[in-house]
Novice: 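Structure in structure tokens, see below.
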Amino acid sequence: MTATEIITALSSLVPNASFEEAPSVDFATIYVPADRLVETCRALRDNEAFRFTTIIEITAADYIPRQPRFEVVYHLLSISRRARLRLKVRVPDRGTVPTVQGVWKGAGWLEREVWDMFGIVFDGHPDLRRLLMPDDWEGHPARKDYPVQIQKRAQTYEALEVSEHEFRANIERDRVKRAH
């Protein structure tokens with residue numbers, strides 16, 4: 001299905017939503033208004049014409065100084081239809097996006113990654129905390145205004161070296177496991 005065909009079908013399933021076709025070189029891409037995102041995702045998952053039952057990825061792009069500054073990008077897969085779809089949601093700086101974890105449970109980890117890297121808040125997310133960066137990290141490193149020359153001491157929570165005795169014991173333990 002083309003983006004135009006998807007928008008036409010979605011218009012009756014999600015009334016009063018203004019969808020836009022987005023340029024793309026690989027598969028259909030549409031802009032979805034943030035306030036209609038969850039309803040749109042449910043329609044794309046549950047309607048027989050679509051059956052986008054799998055969320056592959058959620059990411060974002062920072063277009064500073066453009067307003068709205070961010071785009072949150074969702075990649076969906078319909079296994080039964082052998083189709084892919086990209087949804088984009090425009091988000092202003094300090095803006096929010098509703099969580100789609102109620103539609104696809106696996107979206108929780110993906111939303112945490114976007115929050116960790118870009119600082120985009122997902123309304124209704126039950127566990128929005130750091131995923132890739134240490135808990136005490138300040139800022140969101142994928143933002144284009146993030147300082148590149150950061151000076152921070154590395155932190156470790158476990159010893160990085162083992163004694164010769166521990167090393168030999170680990171080798172022997174692994175050798176015994178492989179023999180069985």
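Since we're looking at a predicted model, the values are computed, not measured.
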Novice: Within a 6.0 Å radius of atom CD on Glu164, are there more than 12 heavy atoms belonging to other residues, nucleotides or ligands?
Specialist: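 No, because the 6.0 Å sphere around CD of Glu164 holds 12 heavy atoms or fewer from other groups.
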Novice: Between Asp116 and His140, what is the shortest heavy-atom contact and its length?
Specialist: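 Taking every non-hydrogen atom into account, O-ND1, 3.1 Å.
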Novice: Shortest non-hydrogen contact from Ala3 to Ile30?
Specialist: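 Closest approach of Ala3 to Ile30, heavy atoms only: CB-CG2, 3.8 Å.
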Novice: For Arg129 and Asp135: C-alpha separation, side-chain torsions, deciding distance, then whether salt bridge (Lys or Arg N to Asp or Glu O under 4.0 Å) applies.
Specialist: CA-CA 8 Å; Arg129 60 188 163 99; Asp135 290 338; 5.7 Å; no
Novice: Group every Ile, Leu, Val, Met, Phe, Trp and Tyr by side-chain heavy-atom contacts under 4.5 Å, then state whether Val97 and Val73 land in the same group.
Specialist: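 No.
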Novice: For Phe167, enumerate each residue passing the ring pair (Phe, Tyr, Trp, His ring centres under 6.0 Å) test, keeping only those at least two apart in sequence or located in another chain.
Specialist: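 For Phe167 there are no ring pair (Phe, Tyr, Trp, His ring centres under 6.0 Å) partners, ignoring immediate neighbours.
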Novice: Does a sphere of radius 6.0 Å around CZ in Arg94 hold more than 12 heavy atoms from other residues, nucleotides or ligands, not counting ones at 6.0 Å or beyond?
Specialist: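 For Arg94, atom CZ is not crowded (no more than 12 foreign heavy atoms under 6.0 Å).
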Novice: Does CZ in Arg130 sit with more than 12 non-hydrogen atoms of other residues, nucleotides or ligands closer than 6.0 Å?
Specialist: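 For Arg130, atom CZ is crowded (more than 12 foreign heavy atoms under 6.0 Å).
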Novice: According to a 4.5 Å side-chain heavy-atom criterion applied to Ile, Leu, Val, Met, Phe, Trp and Tyr, with indirect links allowed, do Ile64 and Phe118 form part of one hydrophobic cluster?
Specialist: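 No: no chain of side-chain contacts under 4.5 Å links Ile64 to Phe118.
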Novice: Has Arg36 got a side-chain atom pairing as donor or acceptor with Pro15's backbone, closer than 3.5 angstrom?
Specialist: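 Yes: the side chain of Arg36 pairs with the backbone of Pro15.
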Novice: Which atom pair, heavy atoms only, marks the closest approach of Leu85 to Ala28?
Specialist: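 Minimum heavy-atom contact is CD1-O, 3.4 Å.
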Novice: Looking at Ser163, is its backbone amide N or carbonyl O close enough to the side chain of Glu166 to form a donor-acceptor pair, meaning the two atoms are under 3.5 Å apart?
Specialist: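 Yes, because the side chain of Glu166 sits within donor-acceptor range (under 3.5 Å) of the backbone of Ser163.
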Novice: Is there a side-chain contact between Pro98 and Val38 (heavy atoms, below 4.5 Å)?
Specialist: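 Touching, per the 4.5 Å side-chain cut-off.
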Novice: Is it the case that Glu21 and Thr4 place a side-chain donor and acceptor less than 3.5 Å from each other?
Specialist: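 Side chains of Glu21 and Thr4: pair found under 3.5 Å.
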Novice: Counting N and O atoms only, with roles assigned by atom type, does the side chain of Thr54 sit under 3.5 Å from a partner on the main chain of Ile56, one being a donor and the other an acceptor?
Specialist: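 No: the side chain of Thr54 does not pair with the backbone of Ile56.
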Novice: How about His125 and Trp115: are their ring centroids closer than 6.0 Å?
Specialist: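 They do not qualify: ring centres at least 6.0 Å apart.
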Novice: If you take all heavy atoms of Pro33 and Ser18, which pair is closest and at what distance?
Specialist: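 Nearest pair, atom of Pro33 first, then Ser18: CD-O, 3.5 Å.
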Novice: Taking atom types as modelled, is there a side-chain donor on Tyr31 or Glu71 under 3.5 Å from an acceptor on the other?
Specialist: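 Yes, Glu71 and Tyr31 have a side-chain donor paired with an acceptor closer than 3.5 Å.
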Novice: If you take all heavy atoms of Leu87 and Cys41, which pair is closest and at what distance?
Specialist: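 For Leu87 and Cys41, the tightest heavy-atom pair comes out as CD1-SG, 3.9 Å.
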Novice: Carefully, step by step, assess Arg84 and Leu76 under the rule side-chain contact (heavy atoms from CB on, under 4.5 Å).
Specialist: CA-CA 6 Å; Arg84 291 177 182 257; Leu76 309 179; over 6 Å; no
Novice: Measure across Leu44 and Phe50 and return the closest heavy-atom pair with its distance rounded to 0.1 Å.
Specialist: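 Of all heavy-atom pairs spanning Leu44 and Phe50, the closest is O-CB, 3.2 Å.
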Novice: Do the charged groups of Asp93 and Arg143 touch, with an N to O distance under 4.0 Å?
Specialist: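 The answer is yes: the pair qualifies as a salt bridge.
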Novice: I'd like to know if Trp137 and Val114 are part of one continuous hydrophobic network [Ile/Leu/Val/Met/Phe/Trp/Tyr, side-chain heavy atoms within less than 4.5 Å].
Specialist: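 Same cluster.
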Novice: Sort and list the pairs that fulfil ring-ring contact (aromatic ring centres under 6.0 Å, His included) and have at least one residue in residues 56-110, not counting sequence neighbours.
Specialist: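 Sorted result for residues 56-110: Phe27-His75.
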Novice: Tell me whether the count of non-hydrogen atoms from other residues, nucleotides or ligands lying under 6.0 Å of CZ in Arg173 goes above 12.
Specialist: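 For Arg173, atom CZ is crowded (more than 12 foreign heavy atoms under 6.0 Å).
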Novice: Is there side-chain contact between Leu13 and Arg42, with heavy atoms separated by less than 4.5 Å?
Specialist: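 Of all side-chain heavy-atom pairs linking Arg42 with Leu13, none is under 4.5 Å.
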Novice: Report yes if the side chains of Ile120 and Val72 come closer than 4.5 Å at any heavy-atom pair, otherwise no.
Specialist: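 Of all side-chain heavy-atom pairs linking Val72 with Ile120, at least one is under 4.5 Å.
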Novice: What do the steps show when you test Ile58 against Glu113 for side-chain contact (heavy atoms from CB on, under 4.5 Å), and what is the final call?
Specialist: CA-CA 8 Å; Ile58 301 174; Glu113 181 181 348; over 6 Å; no
Novice: Can you tell if the side chain of Phe52 reaches within under 4.5 Å of the side chain of Asn47, non-hydrogen atoms only?
Specialist: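 Sidechains of Asn47 and Phe52: no contact.
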Novice: Check the pair Thr96, Phe122 against side-chain contact (heavy atoms from CB on, under 4.5 Å), reporting the backbone distance first and the verdict last.
Specialist: CA-CA 6 Å; Thr96 63; Phe122 291 87; over 6 Å; no
Novice: Would Thr8 and Glu5 count as having a side-chain donor-acceptor pair, cut-off 3.5 Å?
Specialist: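 Note: Thr8 and Glu5 side chains miss the donor-acceptor criterion.
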Novice: Does any N or O in the side chain of Ser78 come within less than 3.5 Å of the main-chain N or O of Arg51, such that one atom is a donor and the other an acceptor?
Specialist: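 It does hold such a pair.
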Novice: For a side-chain contact (heavy atoms from CB on, under 4.5 Å) check, start with the C-alpha distance between Lys88 and Arg86, then their side-chain angles and the critical distance, and finish with the verdict.
Specialist: CA-CA 7 Å; Lys88 292 185 173 187; Arg86 182 180 296 116; 3.9 Å; yes
Novice: Could you check if a side-chain atom of Ile7 sits within less than 4.5 angstrom of a side-chain atom of Ser11, using non-hydrogen atoms only?
Specialist: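 Of all side-chain heavy-atom pairs linking Ser11 with Ile7, at least one is under 4.5 Å.
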Novice: Heavy-atom distance under 4.5 Å between the side chains of Arg112 and Gln101, does that happen here?
Specialist: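 They are not in contact (no side-chain heavy atoms under 4.5 Å apart), so the answer is no.
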